Amino acid sequence: MEYLEVKGRARLGGEIDVHGSKNSVLPILAGSVLIKGESVIHNCPDLSDVRATIGILRHLGATVKKSENTLVINAESITNSTIPENMMQQLRSSIIFLGSLVSRTGSACVYLPGGCEIGLRPIDMHLSALKSLGYSVEFDGENICCKKGDVKSAKIVLPFPSVGATENAILACVFIDGKTTIINAAREPEIEDLISFLNSAGAKIRGENTSVIEIEGVSSLHSTEHTVIPDRIEASTYMSISAITSSELLINKVNHIHLAPNLEPFYEMGCELYLYDNSLRIKPPKRPKRVKKIETGAFPGFPTDSQAITMAVLSIAGGSSMIKENIFESRFKHIPQLMRFGADITAVDSRAAIIHGVNSLHCAEAICTDLRGGAAVLCEALAAEGTSVIKEIEHIDRGYERIEETLKPIGADIKRKDDEQRS
């Protein structure tokens, strides 16, 4: 198995580019199933989750060609309406194929999705939304089978602004006659990007950036070309790396509006932030200040995906900080791993943690418990004295392109090795 060897306290600096958004490209690729023609998608990051999604598209009968960071998908001949367990279990977002596949073919059978174990991600909202549209749904606890039946436009009211349920509902009703309204829809930038992609192919969707989305059904979608938005969570990761290592960085290819919920805690830490057209310069203090309280929430709240990596920075802050996790109930699994480096963190319960800043961190051997928890461990290792080992890095690879190569130009000393090299 591969692992990362990280030499801490290396001097960092310079510029770093943000890749395309992982959480945006996956539903867009699922949405390409609706298009009887070519979808040309630019700014696609080379991630294991993206490769798994491409595998699903090919299994369904689409052709996919890759040239650098551009994918060309031709879904003219979709021949399959089922996705097997081994493919569904590779990533959590695979559930998003349910809406697009049943909309395109009239039926879809998928297995429960896998991915990071960060807590329950109930699919009841997804299935309820589809039922509201007239789709018949059968779920035996593992397999989900959905058929078109007598579908019709409707009002869908989500009990929580779930990103995945909003995306599935949008994809499921693009071809339904009349106007469907999604109330209490998620407002994340990735929803806006999916809508932009679909509208460029001929869909009629309004209400992006709002909690009420209206979809007027169309008969078909045509070939299109789209550029994926920058990854706001990746950008926030580089901000955390800057702050925890006290290194000035220029982060390029960012969207300031999408990143806005992340900025306030860094101001509170004492970081100087300079916003340019598509870039952000961060000048951190020698030691971050404590942040009184951070609460995660649906956009425009502080993103749950940035919680762990921000916690890593607060582990060396002057004073005690608090983080309250409002989205997932099991998103503190990274805490014991951060404590291996000398961090002093107390989990009050499954939803709240107190971070007591320490003066310094020491090297350690730690594992990645999930994607963002893995990024948090990497932050600790970069700030720690000595050489650390990070294992189970397949989690990091789900959301970051060859992280050791990405961080090398700014001075990070990270080597990817395997167990044979270690022995």
Side-chain angles (χ1 to χ4, degrees), residues 15-79 87 90-91 93-94 96-97 100-101 104 167 170-171 174 188-203 205 208 220-235 237-238 251-255 258-259 277-279 371 396-409:
E15 302 182 25
I16 191 166
D17 292 346
V18 174
H19 299 114
S21 169
K22 164 190 176 292
N23 291 336
S24 188
V25 71
L26 300 183
I28 286 173
L29 292 179
S32 71
V33 168
L34 299 174
I35 297 172
K36 291 185 177 180
E38 281 193 348
S39 301
V40 181
I41 314 297
H42 302 293
N43 201 29
C44 292
D46 185 17
L47 311 172
S48 60
D49 270 14
V50 172
R51 293 191 290 272
T53 304
I54 290 172
I56 291 175
L57 285 171
R58 287 174 172 156
H59 166 79
L60 295 175
T63 62
V64 184
K65 298 178 181 178
K66 184 178 186 300
S67 177
E68 296 184 345
N69 287 327
T70 294
L71 294 177
V72 180
I73 303 108
N74 191 317
E76 186 73 37
S77 301
I78 294 293
T79 57
M87 288 186 167
Q90 291 182 50
L91 67 161
S93 61
S94 55
I96 204 64
F97 275 96
S100 61
L101 195 55
R104 168 67 188 272
E167 292 167 342
I170 290 172
L171 294 170
V174 167
E188 271 71 5
E190 295 77 19
I191 299 287
E192 178 186 5
D193 205 27
L194 174 63
I195 291 174
S196 176
F197 165 72
L198 294 172
N199 282 346
S200 72
I205 307 172
E208 59 268 37
S220 63
L221 298 182
H222 54 70
S223 297
T224 189
E225 192 167 353
H226 180 79
T227 299
V228 176
I229 60 174
D231 195 316
R232 60 195 174 106
I233 307 303
E234 183 185 0
T237 301
Y238 300 151
I251 306 171
N252 298 317
K253 301 182 180 179
V254 300
N255 184 306
H258 299 170
L259 197 57
D277 286 344
N278 298 298
S279 301
L371 168 54
I396 292 179
D397 291 338
R398 290 186 51 238
Y400 300 90
E401 277 192 28
R402 301 289 294 187
I403 191 68
E404 72 282 4
E405 295 177 8
T406 300
L407 297 180
K408 184 178 179 180

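Computed from a prediction, not measured in an experiment: that's the story for all the values here.
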Peer 1: How would you list, by chain and number, every residue that makes a salt bridge (charged side-chain N to carboxylate O under 4.0 Å, His left out) with Arg104, sequence neighbours excluded?
Peer 2: none

Peer 1: Could you work out, with salt bridge (charged side-chain N to carboxylate O under 4.0 Å, His left out) as the rule, every residue matching Glu404, not counting sequence neighbours?
Peer 2: Arg402, Arg416

Peer 1: Considering residues at least two apart in sequence or located in another chain, which fulfil the side-chain contact (heavy atoms from CB on, under 4.5 Å) criterion with Asn69?
Peer 2: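 Residues passing side-chain contact (heavy atoms from CB on, under 4.5 Å) with Asn69: Glu401.
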
Peer 1: Taking side-chain contact (heavy atoms from CB on, under 4.5 Å) as the test, write out the residues that go with Asn252, two or more places apart.
Peer 2: Glu15, Asp17, Leu250, Ser279

Peer 1: Looking at residues at least two apart in the chain, or sitting in another chain, which of them share a side-chain contact (heavy atoms from CB on, under 4.5 Å) with Ala62?
Peer 2: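 With sequence neighbours excluded, Ala62 shows a side-chain contact (heavy atoms from CB on, under 4.5 Å) to Leu57, Ile73, Ala75, Ile78, given in chain and number order.
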
Peer 1: Quick one: salt bridge (charged side-chain N to carboxylate O under 4.0 Å, His left out) partners of Glu76, sequence neighbours excluded?
Peer 2: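 Once residues adjacent in sequence are excluded, Glu76 has no partner under the salt bridge (charged side-chain N to carboxylate O under 4.0 Å, His left out) criterion.
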
Peer 1: Can you pull the salt bridge (charged side-chain N to carboxylate O under 4.0 Å, His left out) pairs that have at least one residue in residues 190-202, sequence neighbours excluded?
Peer 2: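 Those involving residues 190-202 are Glu190-Arg232.
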
Peer 1: Just by modelled atom types, is the Val228 backbone N or O under 3.5 Å from a matching donor or acceptor in the Ser24 side chain?
Peer 2: no

Peer 1: Does Ser220 have any side chain to side chain donor-acceptor pair (under 3.5 Å) partners at least two apart in sequence or in another chain, and if so, which?
Peer 2: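 So Ser220 forms no side chain to side chain donor-acceptor pair (under 3.5 Å) with any residue.
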
Peer 1: Who passes ring-ring contact (aromatic ring centres under 6.0 Å, His included) against His226, sequence neighbours left out?
Peer 2: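 His226 satisfies ring-ring contact (aromatic ring centres under 6.0 Å, His included) with Phe197 only.
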
Peer 1: What residues, two or more places apart in sequence or in another chain, satisfy side-chain contact (heavy atoms from CB on, under 4.5 Å) together with His222?
Peer 2: none

Peer 1: For Arg58, which residues count as a salt bridge (charged side-chain N to carboxylate O under 4.0 Å, His left out) partner, sequence neighbours excluded?
Peer 2: none

Peer 1: Sorted by first residue and then second, give each salt bridge (charged side-chain N to carboxylate O under 4.0 Å, His left out) pair with at least one member in residues 19-48; sequence neighbours left out.
Peer 2: Lys22-Asp49, Asp46-Arg51

